[in-house]
> 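What follows is a structure written as structure tokens; I'll ask about it next.
Just so you know, these numbers use all the heavy atoms, side chains as well, and skip hydrogens, waters and symmetry mates.
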Amino acid sequence: MRAFTPFDGLVAPLDRANVDTDAIIPKQFLKSIKRAGFGPNAFDEWRYLDRGEPGQDCSRRPINADFVLNQPRYQGASILLTRDNFGCGSSREHAPWALEDYGFRALVGTSFADIFFNNSFKNGLLPIRLPTAAVDELFAQVAATSGYRLKIDLAAQTVTRPDGTVLSFDVDPFRKECLLNGWDDIGLTLRHADEIRAFEAKRQIEQPWLFSKVA
Amino acid sequence: MPKTLYDKLWENHVVRTEADGTALLYIDRHLVHEVTSPQAFEGLKLAGRKPWRVSSIVATADHNTPTDHWERGIEDPVSRQQVETLDANIHEVGALAFFPFKDARQGIIHVIGPENGAILPGMTVVCGDSHTSTHGAFACLAHGIGTSEVEHVLATQCLLQKKMKAMQIKVEGKVGAGVTAKDIVLAIIGKIGTAGGTGHAVEFAGSAIRALSLEGRMTVCNMAIEAGARVGFVAVDDTTIDYLKGRAFAPTGEEWARAVTYWRTLVSDPHASFDTVVELDAATIQPQVTWGTSPEMVVAVGGSVPAPEDFADPVKREGIVRALEYMGLVARTPIKEIRVDQVFIGSCTNSRIEDLRAAAAVVAAAKGRGKAASVKRVLVVPGSGLVKRQAEAEGLDQIFLSAGFEWREPGCSMCLAMNADRLEPGERCASTSNRNFEGRQGAGGRTHLVSPAMAAAAAIAGHFTDVRELV
Ligand code: SF4
């Protein structure tokens, strides 16, 4: 995972509550056995007018001009502004893979579904929770200003608006550290391998029925 | 201090805790299916790592497998590659149990785990699938996880977690005839919303939950995630223990006795305190039907589709307008006037034997009326090979077939339409599954979530109808 550095990015607004992971990446794309290449199919059913299938050349597909991400002013966006409960539904990590592959580095909204929230951190995608009033204001400003950008600094835990207003956000210290350093969770956990082994050995004595053997 | 069941499950699995409260939780059971595991196995291999404890793994292929013409194999090459990748990965690393495509015990991962006794009280259970919450019915801490976490569990046998808040959802009293576990959980979601349980571990309690069979409890816990809660569970009681006795991977003899003694402790202590308590009166719960594109968009069968102007919040109002448009519904239409094109009875929510019995009982009560001519197709998809055989032994398949329903091979099928079973754009379906999102059962498809009895009743009437008037 790449380290998360401060950046300044174009904001695209997705003004809907309860955007589910089926909408972020429809199931037919889950048949892939790879991690990459989901970007062209992010929000597939909203973005295109035809039915998406894996392996298509998306540049030739008919575009739904009404869908916000297809509007010229939001091309190249790296920050997605969202509403309540973004990423609800399925646990598919293909959702953050698709958003990240599309070019998003941060999501700003009022709330995120638990599994999606967690999956995002593991893929260098930062979900930022702000109070409803702040998110409402951002939606209004984005709509009113073409080329609206935000500065995001994870180390300082701040989002800075073009007018200089600084909004602070909370983030879990452990996740912050991993994201800032681009650390891989598995490597970190395996530093405690001895503790895990000791725990497992004790458990095997106390609850042997949990350890049925491979036949 | 009195402890909640969540406290006990949590404490029993903490290997270590970081200063900020992030804990390393030991994982007892790892359920694996073909869709969310290939990238994890690949990542493991690329990093030169070995799986930590393969005897924790129970695997099956379910999402992509066809539900008819098994002799033809998997015709879609992309689906076939995914299923074959799982076969290859499990053959390479090993597992406690693997039920591949066409195996007699193959089925939906959340059905086969419990029915084989591979889910035991007090376990931590993970799977790269949000409906892993199902296993909470056994007083397990069961998390749906992403693919990076699948790889993390494969490599370390642990999951990084922060302790959630504790919520208790208490359903007291007795439900009326014709009201099922599915109606209870839909009513809960209608009450607290799809984000109501976010950040919480939910314990389902109260006399109405206690009165449910283990199958019914699985239906309730299965949909905890639709209320935003990653984990949902029910305390151990006689129903739990009776269900497990004699199952393939359940302990026996002296170990069984020891296990039961421990399992009996897996209840919230009297006076344990929860961060949030929600109460429902079982007697007021009616058969439920969702009308929109989120499980919280639900009403009783006697009600009607709401109108946007009933809601003050503009975001909510906009959501209703959009949902009505997608669903092709006019505000204030009575639910019973909504006609269906297809009916789907299946999924990890409602494809166990008890669900099929409930649907068959409705068909039998309709005395030969069979599927309405206007309904194009009624799919009955058992959750597993074992459920299928049991249903056939009871003659349920014949009841369905003689009513013009299709009797299929086990799998996820039209719950998410990754295989050939799907809705065409604009088609409307009464479905026993768990998600009514846009496009979930096929691009442009319109899903109404109901119980198996209500689905069977809709198949016969051709529109939604109150099952209590049929039986
Ligand atoms: S039946 Fe549906 S919800 Fe359950 S595991 Fe399969 S696809 Fe997921």
> Only pairs of heavy atoms separated by less than 4.5 Å count here; which of B:Ile57, B:Leu120, B:Thr198, B:Asn434 has the most with chain A?
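Highest number of heavy-atom pairs under 4.5 Å: B:Thr198.
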
> Pull out the residues in residues 54-68 of chain A that come under 4.5 Å of chain B, heavy atom to heavy atom, sorted by number.
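Residues in range: none.
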
> Are B:Glu318 and A:Arg16 within salt-bridge range, i.e. N to O under 4.0 Å?
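Answer for the salt bridge query: no.
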
> What part of B:Lys316 is in contact with chain A, defined as an atom under 4.5 angstrom from a non-hydrogen atom: side chain, backbone, both or neither?
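The answer is neither part of B:Lys316.
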
> With a cut-off of 6.0 Å (strictly less than), are more than 12 heavy atoms of other residues, nucleotides or ligands near NZ of B:Lys165?
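Count not over threshold, so no.
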
> Please look at B:Val315 and chain A and tell me whether the side chain, the backbone, both or neither of the residue comes under 4.5 angstrom of a heavy atom of that chain.
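Looking at B:Val315, just its side chain touches chain A.
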
> Judged by atom type as modelled, is there a donor-acceptor pair below 3.5 Å linking the side chain of B:Gln82 to the main-chain atoms of A:Leu30?
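Judged by distance alone, yes, a pair lies under 3.5 Å.
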
> A:Asp22 versus B:Glu438: any side-chain heavy-atom pair under 4.5 Å?
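No, side chains not in contact.
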
> Are A:Lys122 and B:Glu151 within salt-bridge range, i.e. N to O under 4.0 Å?
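So A:Lys122 does not pair with B:Glu151 through a salt bridge.
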
> Taking it one step at a time, do A:Asn118 and B:Gln161 satisfy side chain to side chain donor-acceptor pair (under 3.5 Å)?
CA-CA 10 Å; A:Asn118 200 36; B:Gln161 272 290 297; 5.5 Å; no

> Measuring heavy-atom distances to chain A, does B:His13 have an atom under 4.5 Å in its side chain, in its backbone, in both, or in neither?
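The answer is both parts of B:His13.
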
> Quick check against the 3.5 Å criterion: does A:Lys27 have a side-chain atom that pairs as donor or acceptor with the backbone of B:Arg440?
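Yes; judged by distance alone, with no hydrogens or angles, the pair exists.
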
> With sequence neighbours excluded, what pairs up with B:Lys163 under the salt bridge (charged side-chain N to carboxylate O under 4.0 Å, His left out) test?
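Result, salt bridge (charged side-chain N to carboxylate O under 4.0 Å, His left out) vs B:Lys163: B:Asp7.
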
> Taking atom types as modelled, is there a side-chain donor on A:Glu200 or B:Trp52 under 3.5 Å from an acceptor on the other?
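Yes, because at least one side-chain N or O of A:Glu200 sits under 3.5 Å from a partner of the opposite role on B:Trp52.
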
> How are the rings of B:Tyr262 and A:Trp209 set to each other: parallel, tilted or perpendicular (split at 30° and 60°)?
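Geometry flag for A:Trp209 against B:Tyr262: tilted rings.
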
> With only heavy atoms counted, which part of B:Arg80 is less than 4.5 Å from chain A, the side chain, the backbone, both or neither?
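It is neither, since no heavy atom gets under 4.5 Å.
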
> Is it true that B:Thr36 and A:Glu93 share a donor-acceptor pair across their side chains at a distance under 3.5 Å?
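Judged by distance alone, the side chains do not pair up.
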
> With a 4.5 angstrom heavy-atom cut-off, which part of B:Val83 approaches chain A: side chain, backbone, both or neither?
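No part of it gets close to chain A.
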
> Check this for me, if you would: do A:Arg203 and B:Asp28 make a salt bridge, where the nitrogen-to-carboxylate-oxygen distance has to be below 4.0 angstrom?
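B:Asp28 and A:Arg203: salt-bridged.
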
> Does the distance from a Lys or Arg side-chain N to an Asp or Glu carboxylate O, for A:Asp184 and B:Arg49, drop under 4.0 Å?
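So A:Asp184 pairs with B:Arg49 through a salt bridge.
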
> Quick one: do the A:Gln207 and B:Asn12 side chains pair a donor with an acceptor below 3.5 Å?
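The criterion, which ignores hydrogens and geometry beyond distance, is satisfied for B:Asn12 and A:Gln207.
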
> Closest heavy-atom contact between B:Gly128 and A:Ser91?
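Looking at all heavy atoms of both residues, the shortest contact is C-OG, 3.5 Å.
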
> When you measure from the side chain of B:Arg435 to the backbone of A:Gly89, do you find a donor-acceptor pair of N or O atoms at a distance under 3.5 Å?
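Judged by distance alone, yes, a pair lies under 3.5 Å.
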
> Heavy-atom pairs under 4.5 Å with chain A: which of B:Glu149, B:Glu18, B:Glu226, B:Glu42 has the most?
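Top count of heavy-atom pairs under 4.5 Å with chain A: B:Glu149.
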
> Hey, does the side chain of B:Gln39 reach the backbone of A:Ser32 with a donor-acceptor pair shorter than 3.5 angstrom?
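The answer is yes, because a donor-acceptor pair under 3.5 Å joins these two groups.
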
> Using a cut-off of under 4.5 Å on heavy-atom pairs, state which of A:Gln28, A:Arg51, A:Glu206, A:His192 scores highest against chain B.
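It is A:His192.
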
> What's the spacing between B:Ser148 OG and A:Phe121 CZ if we round to 0.5 Å?
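Reported value, rounded in 0.5 Å steps: 13.5 Å.
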
> Given side chains that start at C-beta, do those of A:Lys31 and B:Asp76 come closer than 4.5 Å, heavy atoms only?
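A side-chain contact exists here, since the closest heavy-atom pair is under 4.5 Å.
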
